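In this text the structure is predicted, and so the values were computed from the model without any measurement. In each ligand, atom 1 is the first atom listed, and ligand 1 is the first ligand listed.
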Amino acid sequence: MCGIVGYIGKAQAPKVLINGLRRLEYRGYDSAGLAVMDGNQLAVAKAPGKVAALKDRAHAEWPEERFSRASTGIAHTRWATHGPPTEVNAHPHLDQSGDIALVHNGIIENYRALRARLESKGHQFLSETDTEVLAHLIGECNKGDLFQAVCDALHQVEGTFGIAVLSAREPGRIITARRGSPIVIGVGDGETIIASDASAIVAHTQRVIYLDDNDIAIVTAESVDIRDLNNVPVTREIAELGMDASAAEKGGYDHFMLKEIHEQPDSLGNAIRGRLDLNLGTSVLAGMGTSARELADLNRVVIVGCGTSLHAGLVGEYAFEDLADVNAEVQQAAEFRYRNPIVGSRDLVVAISQSGETADTLAAVREAKQKGAFVMSLCNVVGSTIARETGRGVYLHAGPEISVASTKAFTCQVAVLLMMALKIGRGRRFSRDEGLKLARDIEAIPTLVAKVLEQDERIATIAATYVNNEHAFFIGRGPMYPVALEGALKLKEISYIHAEGYHAAELKHGPIALLVEGTPVVALACDIPGKDKVLGNIEECRARGARILGIITEGDHEAAECMDDFIEVPACHPLVATVPAVVALQLFSYHVARLRGCEIDQPRNLAKSVTVE
Ligand code: AGP
């Protein structure tokens, strides 16, 4: 959602903060700001737009020596939730005295009541944000001890926060706290870095501390003193990040998205490596923390997620039913907790989230735990909130996914779901021979994807034909239906073409009314069960003048005859085929967006991790 960076140490704080914001810019980027301690005074600079605009603003407004003098500061990139993306609404926000600066991720649910109470005491507000109310509240509670003032203020807050707070009266320390919005603290050599995401820390240290909900820390260049909000000391272990700084760079590609698409043979290799047992024909997923008895006794698998993760879950639904012979259903995470779900101790709830911070998915996890279900997660970010709150599950090991449009996380999610289904299935009716065959098909996924990536140039040429369309349909059946949904999401979120995914049979129940001459229909027509029906649906579209781009199985000349354009993917197990097929659509969408001159890595209105409802 938004990005937070705090620094205290020996280096030039403005430079560290701006570089850190750049690494977080994918999270939210409609305005940015920073506050540094210059001697015993607070200096603040804010600007709408990208981090580059903030850097220009700071250099325009501040004396050059401040950039070398200041060694403590906090900074923020914003994705607007309260009030438009303007300079006045950008963080940091100050208290009434101007001595306290605050940056905040999350939502203060009771900010209106707090604001009214503060206004009745003479406080005057400049912005429309909930964050400024919290800054004023901290100032109001401040009796000379910033830590205690922050504790007292947070006790009055309803909602979520990840914050960093500076006071001109207490140089040399930063107070940071979290409830529902991640805060990670990098423990360096004579310096300490606070961030909402480890990618802003990795350039400084691999040693990190993850705050838990209602932790509050007093941070100096040499120490991290963690308490709870009642000032009771808390112990949090120092973990190793295991992430290298280069992984967060573009590696010679024009966009993070293209880098991450091409990384997929490696990321899938990392997701699969060491997790297949080619002797017993099963998978080895120790993180699931389940016994064979528990898996055999499962009543149902309920998958929750949002966006791309929801689409991966839909592929998983087919996998659990086909392979594991267990009833499975996908529920939109935002809906799950409000529908009073019927889940219990024999139900496995699987939360899928690349970031591990999506608020709706986290809420679904908490509701499932409340109902006594068996909960686990598929996350990419180690130590993320959802991963820690479920306490069990499977990490994707896809590496940092920086582009807002999710690609390698999706394919790794599908690969892990297939391995989970294999494990559950082998504890039920799936034979060793069937398991061995599927395990080998899963093991081959990186190679299948590499074959599709070899067609990058050809796909770019095909994409050029579709650049000027304003509407597009994606259709598929069976496990390719979620692939159609995912392909439509990719195209719409980075090229801004209005793209919709439908079950292939669904088009004639209304949407086909929208087909006119030349309307693009991207059809998942791989040689898997249901292909002939898809070819029939394609004919219905062609009869109305649609232009068909088919994703077909290599060498399927029958299918090729039905298409205006086609991309071939290798033959493989129907569920495994979803992975190379989606990679073809990722490349197609990327090149259409590139040729349309779109932003790609940071599409308008989007954020990488949606940590608000
Ligand atoms: C997908 O390209 C989007 N970035 C978005 O739909 C994303 O998948 C969704 O917000 C869920 O995020 P998560 O996997 O981090 O929970």
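- In this structure, R596 is not positioned above the aromatic face of Y496 in the sense of NZ or CZ being under 6.0 Å from the six-membered ring centre and within 45° of the axis.
- Ligand 1 places these atoms under 4.0 Å from at least one heavy atom of A405: 2 (O).
- For atom 14 (O) of ligand 1, the closest heavy atom belonging to the protein is S309 OG, 2.6 Å.
- The protein non-hydrogen atom at the shortest distance from atom 8 (O) of ligand 1 is T308 N, 3.1 Å.
- Nearest non-hydrogen protein atom to atom 3 (C) of ligand 1 is E493 OE1, 3.7 Å.
- Taking the six-membered ring where tryptophan is involved, the planes of H91 and H76 are essentially parallel, since the angle between them stays under 30° and well short of 60°.
- Taking 4.5 Å as the limit, some side-chain heavy atom of L295 sits within range of a side-chain heavy atom of L298.
- Looking at T390 and S377, their side chains do bring a donor and an acceptor atom within 3.5 Å of each other.
- Contact analysis leaves S609 out of contact with ligand 1, as no non-hydrogen atom separation drops below 4.0 angstrom.
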Hey, mind stepping through Q354 and S309 against side-chain hydrogen bond (donor to acceptor under 3.5 Å, both in side chains) and telling me if it holds? CA-CA 7 Å; Q354 187 286 132; S309 293; over 6 Å; no
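- Taking every non-hydrogen atom of S406 and a distance limit under 4.0 Å, the qualifying atoms of ligand 1 come out as 1 (C), 2 (O).
- Considering backbone and side-chain atoms together, K608 places no N or O closer than 3.5 Å to any N or O of ligand 1.
- Side chain to side chain, T411 and Q264 meet the donor-acceptor criterion of an N or O pair below 3.5 Å.
- For R458 and F566, the positive end sits near the middle of the six-membered ring, less than 6.0 Å away and at most 45° from its axis.
- For atom 13 (P) of ligand 1, the nearest non-hydrogen atom of the protein is T358 OG1, 3.3 Å.
- Counting only heavy atoms of the protein, atom 9 (C) of ligand 1 lies nearest to C306 O, 3.7 Å.
- Atom numbering of ligand 1 starts at 1 in the shown order; those under 4.0 Å from a heavy atom of Q354 are 13 (P), 14 (O), 15 (O), 16 (O).
- Using a cutoff of 4.0 Å between basic side-chain nitrogens and carboxylate oxygens, E389 and R366 are scored as salt-bridged.
- For atom 10 (O) of ligand 1, the closest non-hydrogen atom on the protein side is V610 CG2, 4.1 Å.
- In K490, the part holding a heavy atom less than 4.0 Å from any atom of ligand 1 is the side chain.
- With sequence neighbours excluded, the residues satisfying salt bridge (Lys or Arg N to Asp or Glu O under 4.0 Å) with R178 are D213.
- The nearest protein atom to atom 4 (N) of ligand 1, hydrogens excluded, is given as V404 O, 2.6 Å; this is a heavy-atom distance.
- Among protein heavy atoms, atom 15 (O) of ligand 1 sits closest to S355 OG, 2.7 Å.
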